[in-house]
2 protein chains.
Amino acid sequence: MSDVEMLAKRVLQACEERGLKLATAESCTGGMIAAAITDLAGASNVLERGFVTYSNEAKVEMLGVSPQTLGTRGAVSEETALEMAAGALAHSRADIAVSVTGVAGPGGGTAEKPVGLVWFGLAVKGKEPRAQKRLFTGTRGQVRSESVATALSLMLEVSQERAP
Amino acid sequence: MSDVEMLAKRVLQACEERGLKLATAESCTGGMIAAAITDLAGASNVLERGFVTYSNEAKVEMLGVSPQTLGTRGAVSEETALEMAAGALAHSRADIAVSVTGVAGPGGGTAEKPVGLVWFGLAVKGKEPRAQKRLFTGTRGQVRSESVATALSLMLEVSQERAP
């Protein structure tokens, strides 16, 4: 069993025990987090919905990310990750929403935002959303699967914080 | 290279050549189709957005599927597949939308709708949406990956119909 499979299983179990529902807002992972969770039987009790917001228009229209944030901070930024996670929570019936936006490569990197830079957002009902950044190395595939593992770890952490 | 990878590559190429954008509406595949397309560099030119509508509420709220259709026909039905695909087209800026709704198993099967039954919808701008059904055998993983390959094949077919 891969790390991602193991993490997805633990997330599913923690959420099932606590009756928590999840939503995902994915840019560079493009559906992989939702796919990892729904690989498991019983996922329908936990994954409420997922947003694959690959284009800027999708981030604005599906999640309510502000065009101004995208214009001034860019799609790969702390602010966009926060607005994506908060938007996924607001536009779903989930208790926890995770967002991922990064430069998976091989193209698209800049000095300021290199390939491998990924921002994660986490929104939990009744709490301020928070974000964190990671810089991964490797191929597009490696950046994406490290991003999935990180997003699942973040969801696992907050789902375990809640009393069952 | 797996079948899915090869198909995704051909879909991406056909859409890039013709300037076509895609949207996905996934229930039982839970993000796998969008993930397969975004595995490829250059996917941002083609995948406009994806809807992972695992719950009935998500199908209604994200895609405009009618609660009456879900109530009378069920989530795994020709009518729901058609409404999901049409809804993904209407709620995106894509030219082609594919939908998938099925019983991936291992639970959830009935005599009328056994494990492995999957409905696919395909909506193309300016055309009537159409649907088709498949009955796959095997594990949850096999039903899901066969579903991804079928959805990609459907998208490939219609994207190649358009003049480049």
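Throughout, protein chains are lettered first and strands after them, A, B, ... in sequence-line order, and every chain is numbered starting at 1. Note that the coordinates shown come from a computational prediction; the quantities given were computed from them, not determined experimentally.
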Quick check on the interface: out of A:Lys59, A:Met32, A:Met62, who has the most heavy-atom pairs with chain B under 4.5 Å?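 Counting heavy-atom pairs under 4.5 Å, the top option is A:Met62.
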Joint cluster assignment, [X] & [Y], ILVMFWY side-chain distance < 4.5 Å:
X: B:Phe136; Y: B:Val100; answer: yes
X: A:Ile33; Y: A:Val158; answer: yes
X: A:Val143; Y: A:Leu135; answer: no
X: A:Met6; Y: A:Val11; answer: no
X: B:Leu89; Y: B:Val124; answer: no

Least distance between heavy atoms, [X] atom then [Y] atom:
X: B:Leu47; Y: A:Tyr54; result: O-CB, 3.6 Å
X: B:Gly105; Y: A:Ala41; result: O-CB, 4.5 Å
X: A:Thr38; Y: B:Thr29; result: OG1-O, 4.1 Å

Is it true that, when you exclude B:Lys9 itself, more than 12 heavy atoms of the residues, nucleotides or ligands shown sit nearer than 6.0 Å to its NZ?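 No, because the 6.0 Å sphere around NZ of B:Lys9 holds 12 heavy atoms or fewer from other groups.
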Salt bridge or not between A:Arg93 and B:Glu61? Use side-chain N to carboxylate O under 4.0 Å.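 Salt bridge flag = yes for B:Glu61 with A:Arg93.
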So does A:Leu40 get a backbone contact from the side chain of B:Arg140, meaning a donor-acceptor N/O pair under 3.5 Å?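 Yes, the answer is positive, given that a donor and an acceptor are paired below the 3.5 Å cut-off.
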If I measure from the heavy atoms of chain A, does [X] come under 4.5 Å with its side chain, its backbone, both, or neither?
X: B:Ala43; result: both
X: B:Ile37; result: neither
X: B:Thr24; result: neither

Mind checking the CZ-CD spacing from B:Arg49 to A:Glu26? Nearest 0.5 Å is all I need.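 Between atom CZ of B:Arg49 and atom CD of A:Glu26 there are 15.5 Å.
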Taking atom CG of A:Asn56 and atom OG of B:Ser44, what is their separation to the nearest 0.5 Å?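 So the CG of A:Asn56 and the OG of B:Ser44 are separated by 10.0 Å.
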Under a 4.5 Å cutoff for heavy-atom pairs, which residue among B:Ser55, B:Ala104, B:Gly108 has the most contacts with chain A?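 Ranked by contacts with chain A, first place is B:Ser55.
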Count the heavy-atom pairs under 4.5 Å between each of B:Ala35, B:Gly42, B:Ser27, B:Cys28 and chain A, then report the option with the highest count.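 Top count of heavy-atom pairs under 4.5 Å with chain A: B:Ala35.
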